[in-house]
Amino acid sequence: MEQSSRGWKAISGPHATAHGARVSLDFALTWAWPRMRGLIAVDTDVPADAHSRAAADAASPDPEAAEPAAEPAEYAEYAETAGRLRAGRVNRLEFQEIVYRSARTRRLLRWGPGGPEGPRPFDANSQAPRAPPPLDEDGTIVPED
């Protein structure tokens, strides 16, 4: 979810887990948004992202580079924000004065050609929620000590 002056709005589709939502936001920060906002050319090699650009700029800043689309600090800002997201189970993140938050949502109404869909037998859930197991960056379950 993204907080704007008018309230909260969804920035992506639903994810099965909070980790999936974090991975999606990480992808947006490091790969998609730099391309959408013109920091990295759209036709650039697929592996190029904010992390690789920030590392390359830090290693050897080249003022005559073929693609001076962004200042090194811009790449570093995207990479640093994604790094904060990867540091742990972050569910709230601020980036460029916008607040992003993982949120649980529930579909309230489904509409089809015959009108709204009625309740399904399995819609009522009487089980209490349980904490998900700890996951690493790739979504693999980490054994608890």
Side-chain angles (χ1 to χ4, degrees), residues 1-59 65-145:
M1 304 290 293
E2 175 182 299
Q3 186 178 24
S4 67
S5 60
R6 295 174 41 190
W8 291 91
K9 68 177 184 175
I11 59 167
S12 72
H15 298 278
T17 63
H19 178 74
R22 287 189 288 272
V23 168
S24 177
L25 183 56
D26 178 71
F27 174 78
L29 285 165
T30 58
W31 198 90
W33 291 348
R35 282 170 170 75
M36 290 169 54
R37 296 173 181 169
L39 300 178
I40 298 174
V42 175
D43 58 351
T44 303
D45 291 338
V46 172
D49 64 5
H51 289 293
S52 63
R53 291 298 173 96
D57 288 341
E67 186 185 342
E71 294 294 320
E74 291 180 88
Y75 297 126
E77 181 183 13
Y78 281 82
E80 186 272 327
T81 303
R84 284 186 294 162
L85 184 63
R86 292 177 178 193
R89 290 185 173 198
V90 176
N91 293 317
R92 182 181 185 281
L93 187 70
E94 291 186 41
F95 176 65
Q96 295 182 341
E97 300 180 14
I98 298 173
V99 176
Y100 298 94
R101 182 176 289 168
S102 295
R104 289 185 178 268
T105 59
R106 183 172 284 233
R107 185 172 288 147
L108 299 176
L109 178 66
R110 294 183 71 170
W111 200 272
E117 179 182 67
R120 296 177 179 184
F122 56 82
D123 282 348
N125 186 357
S126 61
Q127 296 176 346
R130 59 181 198 148
L135 304 174
D136 68 8
E137 183 179 289
D138 298 319
T140 305
I141 296 175
V142 177
E144 295 184 24
D145 294 331

Anything under 3.5 Å between a donor and an acceptor, one on a side chain of residues 135-142, the other on a protein residue two or more places apart or in another chain? List them.
residue, atom, partner, partner atom, Å
Asp136, OD1, Asp138, N, 3.0
Asp136, OD1, Gly139, N, 3.1
Asp136, OD1, Thr140, N, 2.9

Looking at residues at least two apart in the chain, or sitting in another chain, which of them share a side-chain hydrogen bond (donor to acceptor under 3.5 Å, both in side chains) with Gln3? none
With side chain to side chain contact (heavy atoms under 4.5 Å, CB included) as the criterion, how do Val99 and Met1 come out once you've worked through the C-alpha distance, each side chain's angles and the decisive distance to 0.1 Å? CA-CA 8 Å; Val99 176; Met1 304 290 293; over 6 Å; no
Reported [atom1]-to-[atom2] distance for the pair [X] and [Y], which is rounded to 0.5 angstrom:
X     : Y      : atom1 : atom2 : value
Arg89 : His19  : CZ    : NE2   : 9.5 Å
Glu80 : Phe95  : CD    : CZ    : 9.5 Å
Leu85 : Tyr100 : CG    : OH    : 11.5 Å
Ile40 : Tyr75  : CD1   : OH    : 5.5 Å

If the condition is salt bridge (Lys or Arg N to Asp or Glu O under 4.0 Å), which residues does Arg101 pass it with, not counting sequence neighbours? none
In chain order, what residues pass the salt bridge (Lys or Arg N to Asp or Glu O under 4.0 Å) check against Arg37, with sequence neighbours excluded?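 So Arg37 forms no salt bridge (Lys or Arg N to Asp or Glu O under 4.0 Å) with any residue.
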Report yes if the side chains of Arg53 and Glu74 come closer than 4.5 Å at any heavy-atom pair, otherwise no.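 With C-beta onward as the side chain, the pair stays apart.
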Which atom pairs, one a donor and one an acceptor, fall under 3.5 Å between side chains of residues 27-34 and the rest of the protein, sequence neighbours left out?
residue, atom, partner, partner atom, Å
Thr30, OG1, Asp26, O, 2.8
Trp31, NE1, Val46, O, 2.7

For the pair Val90 and Arg84, evaluate side chain to side chain contact (heavy atoms under 4.5 Å, CB included) and give the outcome as yes or no after the intermediate values. CA-CA 8 Å; Val90 176; Arg84 284 186 294 162; 5.7 Å; no
Considering non-hydrogen atoms only, spot the tightest contact between Thr44 and Arg35 and give its length. O-NH2, 3.8 Å
How close do Ala82 and His51 get, heavy atom to heavy atom, and via which atoms? CB-NE2, 3.8 Å
Suppose we screen for side-chain contact (heavy atoms from CB on, under 4.5 Å). Which residues come up paired with Ser12, at least two apart in sequence or across chains?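 In terms of side-chain contact (heavy atoms from CB on, under 4.5 Å), with neighbours along the sequence ignored, Ser12 is linked to His15, Ser24.
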